[in-house]
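Throughout, protein chains are lettered first and strands after them, A, B, ... in sequence-line order, and every chain is numbered starting at 1.
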Amino acid sequence: MKRHLHELFSSALEHLRANGALPRDAAYEIRFARSRQPHHGDFATNLALTLAKIARRSPREMAQLIVDALPESQWLARVEVAGPGFINVFLVPGAQFEVLRRIREQGDRYGHAEPGRRILIEFVSANPTGPLHVGHGRGAAYGDALARILSAVGHHVESEYYVNDAGRQTDILALSVWLRYLELCGETTSYPENAYQGDYIFDIAATVHREHAILFCRSADEIYSTLDAADPESRLDALIQRAKDLLGPHYQTVLKTGVETILEDIRGELKQLNVEYDSWFSERALVTQAEVERVIADLKRTNYMYQRDNAWWFRSTAFGDEKDRVVVRAGGEPTYFASDIAYHLNKLDRGFDQLIDIWGADHHGYIARVRGALQGLGENPDRLTVLLVQFAVLYRGSEKVSMSTRSGDFVTLRELRQEIGVDAARFFYVLRKSDQHMDFDLDLAAAQTNENPVYYVQYAHARICSVFRQASDLGLDVGRLDSADLAQLTEPQEHKLGATLSRYSDVLHSAARDYEPHQLAYYLRDLATEFHTYYNAHRFLDVEPELRLARLLLVDATRQIICNGLNLLGVGAPESM
RNA sequence: GCGCCUGUAGCUCAGUUGGAUAGAGCGUUGGCCUCCGAAGCCAAAGGUCACAGGUUCGAAUCCUGUCAGGCGCGCCA
């Protein structure tokens, strides 16, 4: 319909140009907005306001000229000049409902489009050093909904979890597990405060003890003797080194048991949340397959690498970063940055047009250096889009809850899901713009379970299903919905519902373009409101057959759109509740 | 100190890329089930869009400054 209006107005402007009312070279962009108020018609454009100055006429005069030059159309009831010079378009009564037939025809594919770009979207990617906490849930809900939406508008989308199974954090995990294991062996350890504190460490240690008995047991004397370190962090590093020395090849067994146990837990929890990845990519694989080395060598061949204090630095300031960054440490160890460059190159080499990374907002300072590295290596940095998810600040009542994995003082995603359920959790997360800070009151989230907006939307769906069950019980003929006479729909609630349904496709594409699933969530709530209002004002079954058929078509299309929309958010659409 | 994000109803948040009278949920107040699901509907109260300037036909939206909050500024990941 918008396209049709566009053609009409273009034609009018051409006409005005031809007769000299508009300068030949006048630039313009015709845009239509859906009117908020019924007396402003169905669509409005500010075209005349933008053209008034160029044409040296008053905005209202300009608007009238355009209106007079409009060609005839079967869909337009009337066109008005209003306010300072808006042009309001009123459609003929049936026009708003044409969309119902298309929804009916296309079913759960309605709103989807033709194939577009190849996109790889990476999200959550939490270190496998502890269970997912409530903060990770936001990235999961956001990333998965976005992947589904992008896929729905026609892109080829693959989702990936980057597993940081190499590096210091996993070493700290291995050390933590080993020390707890030693306690099970009867050794007295002094457990470092900066090792992982969570109870899950005990569980993994117990597994190791069950499977390997006292094979990895070493005496406290061996471990702590001649261990000198200035500060807690270097003491931790010294302990890790000691563990590697004392355990030899067994160290890897402890580490792998830890990482794999936690990864299994993460995988399971995400699956519970209806989040399933196409691939899980291991950082360790990048290292063992020498891709990191290769990238470092490639970087050294560019002009963007230099040595200082025995370390290799990448000149990221050349690409807008605040300072240059170390790629290879003085000791010869590559940094996390190095493997991250290799990872992103690997993703590009797999043939994706666009990479989308979803990061926590605390990593925002990291964007410039990664894009810089890609550019330095001759890649187009615009192929990488980094979307930031702001932190959720957790409260219990008015008390702030910490979310540090190392301290063990956090609320797990599992606890939240078990408390409020998958649907409520996912809808709650996605009901906020991702770059908006969010106050997440756990007590409130639990208390508001019954008031969660997701039930409002699901209830509309269930109600419609119930109507059709009733129809079937009464033996009413609902098999001919396709032949319904749309002219029967004349009530204001029907007009509003029809208008909202016809907006779905716009909303979907807008949500995909802006990477904003929350647009869809808000839309679904609006749609549910329109339906509930309609439901309370009118009856569907107990009316004349022709009217009944038309109303059932309208209501069935509503059910279809709610179902499609909820699915894109990873939320179920129950037929009864 | 520098950089990024944010400031909208008592609380939690939207606001369609600068449009007409700034919206919703929760909370508060008052109505609606002999009728296809009351997890619903209808109505009321509640606002100096942090503050001050600027840009223009027109600003919650764009620019500048001030104030307040979150995050970041490692040879950690």
Side-chain angles (χ1 to χ4, degrees), chain A residues 31 33-37 39-40 44-46 49-50 52-53 58-59 82-86 88 126-127 129 164 166-170 172 233 237 283 308-313 321-323 325-331 333-337 339-340 360-368 388 390-391 393 428 431-433 435-441 444 447-460 462-471 473-474 476 503 506-507 510 513-514 516 518-519 521-523 525-526 528-529 531-537 539-542 576-577:
Chain A
R31 302 172 78 156
R34 289 172 196 278
S35 305
R36 282 191 203 133
Q37 321 234 350
H39 67 273
H40 289 151
T45 178
N46 61 352
L49 289 165
T50 60
K53 191 175 269 183
S58 80
F86 291 103
N88 293 334
N127 286 343
T129 52
N164 295 119
R168 183 164 180 262
Q169 296 301 328
T170 51
I172 298 175
E233 287 300 315
D237 288 330
E283 179 187 5
R308 196 178 75 201
D309 303 334
N310 291 323
W312 280 93
W313 297 70
D321 200 2
E322 296 169 1
K323 52 181 78 166
R325 309 290 175 175
V326 171
V327 177
V328 183
R329 284 186 268 254
E333 276 280 299
T335 60
Y336 175 81
F337 180 38
S339 47
D340 222 18
D362 54 335
H363 285 65
H364 69 78
Y366 205 74
I367 300 174
L388 296 177
Q390 286 291 341
F391 259 37
V393 184
F428 193 83
L431 204 55
R432 277 137 177 81
K433 216 162 56 173
D435 62 355
Q436 178 69 259
H437 302 274
M438 119 188 213
D439 286 347
F440 200 133
D441 187 331
L444 201 64
Q448 285 190 349
T449 294
N450 287 320
E451 280 96 46
N452 192 303
V454 74
Y455 298 112
Y456 182 79
V457 178
Q458 290 181 321
Y459 184 49
R463 261 184 158 177
I464 296 170
C465 292
S466 174
V467 167
F468 278 89
R469 279 195 297 271
Q470 295 281 339
D473 289 350
L474 293 170
L476 296 174
R503 247 176 61 208
D506 290 352
V507 170
S510 168
R513 184 198 57 212
D514 302 333
E516 292 184 345
H518 81 275
Q519 289 188 28
Y522 275 90
Y523 167 82
R525 232 182 39 182
D526 286 349
T529 298
F531 169 74
H532 286 309
T533 300
Y534 181 37
Y535 183 94
N536 272 274
R539 303 177 63 72
F540 310 131
L541 301 178
D542 190 16
S576 65
M577 50 195 290

Nearest listed nucleotide, side chain of [X], among [options]:
{"X": "Arg329(A)", "options": "C36(B), C41(B), C75(B)", "answer": "C75(B)"}
{"X": "Arg463(A)", "options": "C41(B), G37(B), C75(B)", "answer": "G37(B)"}
{"X": "Arg539(A)", "options": "C36(B), G72(B), A77(B)", "answer": "C36(B)"}
{"X": "Glu322(A)", "options": "A77(B), G25(B), G3(B)", "answer": "G3(B)"}
{"X": "Val326(A)", "options": "G3(B), C75(B), G37(B)", "answer": "C75(B)"}

Go through the structure and list residues passing side-chain hydrogen bond (donor to acceptor under 3.5 Å, both in side chains) with [X], not counting sequence neighbours.
{"X": "Arg525(A)", "result": "none"}
{"X": "Glu283(A)", "result": "Asn164(A), Ser339(A)"}
{"X": "Asp514(A)", "result": "Gln519(A)"}
{"X": "Asp435(A)", "result": "none"}

Between [N] atom [atom2] and [X] atom [atom1], what is the distance in whole Å?
{"X": "Arg525(A)", "N": "G40(B)", "atom1": "CZ", "atom2": "C1'", "answer": "15 Å"}
{"X": "Leu388(A)", "N": "G72(B)", "atom1": "CG", "atom2": "P", "answer": "13 Å"}
{"X": "Asn536(A)", "N": "G37(B)", "atom1": "CG", "atom2": "C1'", "answer": "11 Å"}
{"X": "Glu333(A)", "N": "A77(B)", "atom1": "CD", "atom2": "C1'", "answer": "14 Å"}
{"X": "Met577(A)", "N": "A39(B)", "atom1": "CE", "atom2": "C1'", "answer": "6 Å"}
{"X": "Asn452(A)", "N": "A24(B)", "atom1": "CG", "atom2": "C1'", "answer": "14 Å"}
{"X": "Tyr535(A)", "N": "G40(B)", "atom1": "OH", "atom2": "C1'", "answer": "9 Å"}
{"X": "Tyr534(A)", "N": "C36(B)", "atom1": "OH", "atom2": "P", "answer": "16 Å"}

Which value, in whole Å, describes the distance between the [atom1] atoms of nucleotides [N] and [M]?
{"N": "U12(B)", "M": "G70(B)", "atom1": "P", "answer": "14 Å"}
{"N": "G7(B)", "M": "U66(B)", "atom1": "C1'", "answer": "14 Å"}
{"N": "C13(B)", "M": "G27(B)", "atom1": "C1'", "answer": "15 Å"}
{"N": "C26(B)", "M": "G46(B)", "atom1": "C1'", "answer": "14 Å"}
{"N": "G37(B)", "M": "A22(B)", "atom1": "P", "answer": "39 Å"}
{"N": "A60(B)", "M": "U55(B)", "atom1": "P", "answer": "16 Å"}
{"N": "G3(B)", "M": "U64(B)", "atom1": "P", "answer": "12 Å"}
{"N": "G65(B)", "M": "G72(B)", "atom1": "P", "answer": "25 Å"}

Between [atom1] on residue [X] and [atom2] on residue [Y], distance to nearest 0.5 Å:
{"X": "Trp313(A)", "Y": "Arg308(A)", "atom1": "CH2", "atom2": "CZ", "value": "4.5 Å"}
{"X": "Asp362(A)", "Y": "Gln390(A)", "atom1": "CG", "atom2": "CD", "value": "9.5 Å"}
{"X": "Tyr522(A)", "Y": "Arg432(A)", "atom1": "OH", "atom2": "CZ", "value": "6.5 Å"}
{"X": "Asp506(A)", "Y": "Arg34(A)", "atom1": "CG", "atom2": "CZ", "value": "5.0 Å"}

When we call it a touch if two heavy atoms are under 4.0 Å apart, what does [X] touch: a base, just sugar-phosphate, or nothing?
{"X": "Ala462(A)", "answer": "base"}
{"X": "Tyr366(A)", "answer": "base"}
{"X": "Thr170(A)", "answer": "nothing"}

Quick one: stems involving RNA chain B, counted as three or more successive Watson-Crick or G-U pairs, both distances short of 3.5 Å.
B:1-7 with B:67-73, B:10-13 with B:23-26, B:28-32 with B:40-44, B:50-54 with B:62-66
Note: for Thr529(A) and Ala330(A) on RNA chain B, the residue whose nearest nucleotide lies more 5' is Thr529(A)
Comparing Tyr456(A) with Asp309(A), nearest RNA chain B nucleotide closer to 5' gives the residue Tyr456(A)
Mind checking ring-ring contact (aromatic ring centres under 6.0 Å, His included) for [X] and listing every partner two or more places apart, or none if nothing turns up?
{"X": "Tyr523(A)", "value": "Tyr504(A)"}
{"X": "His532(A)", "value": "Tyr456(A), Tyr459(A)"}
{"X": "Phe531(A)", "value": "Tyr535(A)"}

Give a yes/no answer on whether the side chain of Lys323(A) brings an N or O atom under 4.0 Å of OP1 or OP2 in G74(B).
yes
Please determine whether a side-chain nitrogen or oxygen atom of Thr533(A) lies at a distance below 4.0 Å from atom OP1 or OP2 of C42(B).
yes
With distance as the sole criterion, do the side chain of His364(A) and the base of G3(B) form a donor-acceptor contact below 3.5 Å?
yes
Syn or anti for U17(B), please, going by whether the chi angle lies within 90° of 0.
syn
Anti/syn call for C33(B), syn if |chi| within 90°
syn
Between Tyr336(A) and Tyr366(A), how do the two ring planes meet: parallel, tilted or perpendicular, split at 30° and 60°?
tilted
Quick one: what's the B/S/- string for nucleotides 14-21 of chain B, heavy-atom cutoff under 4.0 Å, read 5' to 3'?
SSBB-BBB
